[in-house]
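Down below is the structure, laid out as structure tokens.
So that the names make sense, note that chain A is the first sequence line, chain B the second, and so on, each numbered from 1.
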2 protein chains.
Amino acid sequence: MRGERKSPTMADVAREAGVSSMTVSRAYRPGSPINAETREAIIAAAERLGYVFDSTAAGLSSRRTGFVAVTIPSINNANFADTVRGLTDGLGDSRLQVLLGYTNYDLEQEERLVRQLLTRRPEAIVLTGGRHTDACRRLLVHAGIPVLETWDAPADPVGSVAGFSNAEAGAMLVRHLVETGRRRIGFLGGDATRDTRGLDRRRGYLAAMAAQGLGAHRLVEAGPPPVSMREGAEAMAALVRRWPDTDAVICVSDLAAFGAVTECQRLGIAVPEQIAICGFGAYELAEVSIPAITTVDPHCYDLGRIAASHILGLLSDPSAAPSITTLQPTLMIRASTSVA
Amino acid sequence: MRGERKSPTMADVAREAGVSSMTVSRAYRPGSPINAETREAIIAAAERLGYVFDSTAAGLSSRRTGFVAVTIPSINNANFADTVRGLTDGLGDSRLQVLLGYTNYDLEQEERLVRQLLTRRPEAIVLTGGRHTDACRRLLVHAGIPVLETWDAPADPVGSVAGFSNAEAGAMLVRHLVETGRRRIGFLGGDATRDTRGLDRRRGYLAAMAAQGLGAHRLVEAGPPPVSMREGAEAMAALVRRWPDTDAVICVSDLAAFGAVTECQRLGIAVPEQIAICGFGAYELAEVSIPAITTVDPHCYDLGRIAASHILGLLSDPSAAPSITTLQPTLMIRASTSVA
DNA sequence: CCACTATATGTTATCGATAACATGGTCAAT
DNA sequence: ATTGACCATGTTATCGATAACATATAGTGG
């Protein structure tokens with residue numbers, strides 16, 4: 001094999017093809033003025049040498065790294081994964097590539113992550129959630145690149161937004177349950193310190209309960225986010241132990257809700273006849289579960305698509321104002337809350 | 001705000017702190033010989049200017065980008081997510097950062113992804129699976145960096161391995177089902193074109209059935225991978241329609257298995273009394289489901305940790321030979337196959 | 001036939017950091 | 001006082017590409 005010692009550069013390819021390295025550079029970027037035959041000869045020379053383009057050098061030189069930095073709370077979550085898919089698909093074959101990191105639902109860790117990601121000189125940055133540490137916010141504002149917040153509808157966004165109101169999602173569920181005759185409604189979520197989106201849904205629950213003149217004291221905290229299925233089950237057991245007359249429960253996610261449903265099955269509690277249960281996120285699980293679980297669909301994939309489209313717009317026209325898109329989450333009524 | 005026009009560089013920080021830019025560089029890399037007070041003064045100057053380190057330039061200059069490229073079939077899969085978590089945790093606070101991409105279970109797309117990732121000059125690359133296109137294999141061999149394959153036990157690995165035998169996982173389940181008296185065992189998986197690991201499990205099933213002298217013709221294909229819960233349910237319905245005397249089903253994943261379980265519930269088929277069902281992956285769902293689903297735990301998180309440790313070893317001693325680690329998957333017997 | 005435009009290619013400086021080597025100062029041992 | 005070791009810092013060249021500008025050749029309209 002040739003070039004085993006040190007990988008060949010554009011200059012090597014240029015020599016091999018008998019052109020200047022600038023011409024090789026042109027051969028590699030679409031839309032450059034270059035003769036078709038010359039390009040083919042260059043690509044052939046590159047293949048012969050086993051040349052691999054170096055984005056690191058290109059990024060330094062052109063000041064366009066092709067990275068879009070993205071932070072999500074957890075990589076192990078179908079909802080955020082869907083948003084990332086939407087974003088990746090939306091970036092399509094623009095030359096942009098997602099650079100992903102996760103924060104473990106922790107704002108301090110988000111700040112550290114943002115700091116690290118910014119050293120890679122991304123051309124835009126996408127954050128899950130609209131709450132950040134002060135220092136993080138400052139970093140974002142000064143980064144000089146498009147900033148997009150998703151999965152939230154912040155009152156004071158840093159830049160663009162592709163989000164929805166978590167509080168409204170919580171409130172929707174309360175209204176639905178009240179309409180179907182429930183009054184003693186509990187909320188099952190993570191502890192009060194971390195998952196700001198889950199907390200927003202809880203705030204929506206509290207406000208909607210108050211608006212209906214109902215007591216909203218049935219709060220169970222299932223530990224640090226994300227709340228697992230098992231933790232959902234345990235928290236459900238704790239809830240009915242403490243407030244046996246509960247007639248409905250809103251869970252912070254469909255996973256917790258599924259755990260709650262299985263716990264009810266174990267305890268001999270009929271769902272939805274004795275207790276209605278609903279979740280959040282429109283996970284496939286909620287649809288397949290028996291009974292199927294009422295949930296709210298935040299349109300995760302679309303959030304990603306919209307985020308991508310905002311970013312592409314801002315990059316093509318840097319003078320454009322930030323774009324704010326707020327989607328309306330969709331209530332999906334299923335067997336776990338509605339007696340057929 | 002200062003430095004709004006153009007972000008400050010090390011040279012700017014150096015000027016502000018009254019030192020040379022080389023000294024600033026030293027202030028930013030742990031283990032460099034530098035006076036503690038000088039370092040503090042430099043950091044302070046950097047903060048004043050809002051300086052952000054540029055890894056792009058550092059990577060070009062030092063030829064160490066700090067990236068570990070990782071390919072997984074799908075970002076929306078708890079198993080692969082766990083492996084990535086293990087890897088990230090394992091890299092810990094080494095200066096290495098994961099650069100993730102997904103292949104959508106497609107070897108052609110894997111090749112394209114690898115090509116793209118290599119342009120970022122990663123210091124190592126991790127691949128899910130041991131099967132690749134010829135061109136992809138060539139790229140990997142010539143990349144001149146540690147290559148690690150995971151989630152498989154390839155006969156002819158490119159470099160290092162942190163894997164397990166998918167065929168053995170399939171065979172384990174067959175043996176377990178035979179031990180509990182089942183003979184008419186089906187396999188429910190994706191179509192035969194894409195998910196090579198799922199296909200390996202199917203091969204294991206076929207071989208084990210043959211070894212037991214049993215017919216292994218009850219194969220249902222549920223479409224392209226990944227097989228969803230819903231597709232698992234549909235495939236289960238098709239299976240019992242076609243072969244009503246089936247007494248056990250091995251599903252390509254726990255998600256498909258859960259779908260199959262719910263379908264049985266709908267059809268009034270008792271699990272495990274009439275049909276035993278098992279999955280793969282040790283998803284939380286399999287544990288919480290009622291009945292709990294028998295599965296095989298491939299130790300996803302550990303695979304990631306081991307991969308990280310192999311990589312760190314190879315990077316610290318480039319002359320070291322590749323490391324091969326093969327874990328034994330663990331059978332987890334649950335209610336879906338065992339009559340208590 | 002001339003100026004004029006478009007296309008294809010080359011030349012030079014530069015992006016922001018680090019490697020490798022050079023240097024000056026301090027301190028202990030002889 | 002001299003030598004040598006060591007620590008802290010500076011100087012210069014370089015990593016591999018691209019921006020910006022320069023140049024050459026071919027075709028076009030008046």
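Checking the phosphate oxygens (OP1, OP2) of C:dG16, a side-chain nitrogen or oxygen of A:R63 falls inside 4.0 Å. The side chain of A:T38 places an N or O atom within less than 4.0 Å of a non-bridging phosphate oxygen (OP1 or OP2) of C:dT9. Contact annotation: A:R29 side-chain N/O to D:dT18 OP1/OP2 distance is under 4.0 Å. The side chain of A:S20 contributes an N or O atom lying less than 4.0 Å from OP1 or OP2 of C:dG10. Taking only side-chain nitrogens and oxygens, B:Y51 comes nearer than 4.0 Å to OP1 or OP2 of C:dA17. Distances shorter than 4.0 Å separate none of the side-chain N or O atoms of B:S21 from OP1 or OP2 on C:dG16.
Out of D:dC15, D:dA8, D:dA20, the shortest distance to the side chain of A:M22 is found at D:dA20.
Figure legend: A:R120 and B:F67 shown as a cation-pi pair, the cationic atom lying under 6.0 angstrom from the six-membered ring centre and within 45 degrees of its axis.
Among the protein residues, A:S62 comes within range of the sugar-phosphate backbone only, with heavy atoms under 4.0 Å from sugar or phosphate atoms but none that close to a base. Looking at heavy-atom distances under 4.0 Å, B:I34 makes contact with sugar-phosphate atoms alone, never a base. Residue contacts for B:V19: at a heavy-atom cut-off of 4.0 Å it reaches the sugar-phosphate backbone alone, with no base atom in range.
Ring geometry, A:Y28 versus A:Y51: the interplanar angle exceeds 60°, so the pair is classed perpendicular (tilted spans 30 to 60°).
The pair B:R64-B:E123 fails the salt-bridge criterion, with no side-chain N (NZ, NE, NH1 or NH2) lying under 4.0 Å from an Asp/Glu carboxylate O.
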